[in-house]
Amino acid sequence: MSLDMVFLGPPGAGKGTYAKELVKLFNIPHISTGDMFREAVASGSELGKKVEEILKRGDLVPDDLTISIVKDRLSKEDCKNGFILDGFPRTVDQAKALDEILNFLGRELGYAFYFEVNEEVVVQRITNRRICKNCGKIYNLLTMPPKVDGKCDVCGGELFQREDDGEEVVRNRYKVYMENTYPVIEYYQKQNKLFTIDGASGVDSVIKEVLNIVRR
Ligand code: AMP
């Protein structure tokens, strides 16, 4: 089966954390649309200007913009052996567009992993999430705190909180997820590509489960 995979689940399900570990094992790229949008905002590009306010509110960037950046990215050479798409698709139209893009490239999605967690876990995880400015490592102040306050264990970089990780915006992101992204799960279920994993079971256990499914 192809290593073309999507990671689904609410914000805070751990998609980014699992993807970062798994791409090292599979030697394929981690493609996060959220990261791509944040980079665009930071660089002050045209795309960045269009999406900045949308990201601050926790709403969805329009499908046409999102689909076009994903199409460009998946056409790059480093995706030829597979990829982990994290945070895309978030609407059924995006899921349909992904099928078309892959079809155009002569390939087919292998797995849709759905990391299931409830709203209270999401809020607790995200409001306590801190990220290294330098290497991107993700911490949780309650469950996975850095050894030294505000500093990355790996590279000593400064830790920061994402602008959209405050409680109010997180609750909106969860609502947007339930309305728009939950139907994507059904979409993949119908295609027999959905694998549901308990996103609250801990990083090691989640990674093991994904590996068992992929190596089956
Ligand atoms: P994330 O890092 O995946 O939580 O994404 C951060 C923000 O980027 C989201 O709250 C959206 O505003 C935007 N975003 C990321 N991926 C998508 C997508 N597939 N469709 C629409 N908006 C997205």
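If you read the sequence from its start, that first residue is 1, and numbering goes on from there. Start at 1 and go down the list; that is how both ligands and their atoms are numbered.
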Engineer: Note the single closest protein heavy atom to atom 23 (C) of ligand 1, along with its residue, its atom name and the distance in Å.
Structural biologist: F37 CE1, 3.7 Å
Engineer: Mark up the atoms of ligand 1 that fall under 4.0 Å of a heavy atom belonging to L55, in ascending order.
Structural biologist: 7 (C), 8 (O), 12 (O), 13 (C)
Engineer: Against ligand 1, does R57 come closer than 4.0 Å with any heavy atom?
Structural biologist: no
Engineer: Identify which of R90, R162, M36, E163 has a heavy atom lying nearest to atom 15 (C) of ligand 1.
Structural biologist: R90
Engineer: Mark yes or no: K193 above the aromatic ring of F195, with NZ or CZ under 6.0 Å from the six-membered ring centre and no more than 45 degrees from the axis.
Structural biologist: no
Engineer: Where is the nearest protein heavy atom to atom 22 (N) of ligand 1: which residue, which atom, and how far?
Structural biologist: V61 N, 3.1 Å
Engineer: Hey, are K49 and E52 close enough for a salt bridge, meaning a charged N less than 4.0 Å from a carboxylate O?
Structural biologist: no
Engineer: Look at atom 20 (N) of ligand 1 and say which protein heavy atom is nearest, naming residue and atom and giving the distance to 0.1 Å.
Structural biologist: Q94 NE2, 3.0 Å
Engineer: Strictly by modelled atom types, are T91 and D63 linked by a side-chain donor-acceptor pair under 3.5 Å?
Structural biologist: yes
Engineer: Between the side chains of D59 and N172, does any donor sit under 3.5 Å from an acceptor?
Structural biologist: yes
Engineer: Measure up the Y18 and F115 rings against each other and bin them: parallel (under 30°), tilted (30 to 60°), perpendicular (over 60°).
Structural biologist: tilted
Engineer: Considering only NZ, NE, NH1 and NH2 on the basic side and carboxylate oxygens on the acidic side, decide whether E119 and R171 come within less than 4.0 Å.
Structural biologist: yes
Engineer: Any chance CD of E168 has more than 12 other-residue heavy atoms, nucleotides or ligands included, within less than 6.0 Å?
Structural biologist: no
Engineer: Counting heavy atoms only, which of V176, T33, L65, D59 is nearest atom 12 (O) of ligand 1?
Structural biologist: D59
Engineer: Which of the atoms in ligand 1, numbered in the order shown and given with their element, are less than 4.0 Å from a heavy-atom of T66?
Structural biologist: 18 (C), 19 (N), 20 (N), 21 (C)
Engineer: From atom 10 (O) of ligand 1, work out which of R173, R38, E52 has a heavy atom at the shortest distance.
Structural biologist: R173
Engineer: Report yes if P11 has an N/O atom closer than 3.5 Å to an N/O atom of ligand 1; otherwise report no.
Structural biologist: no
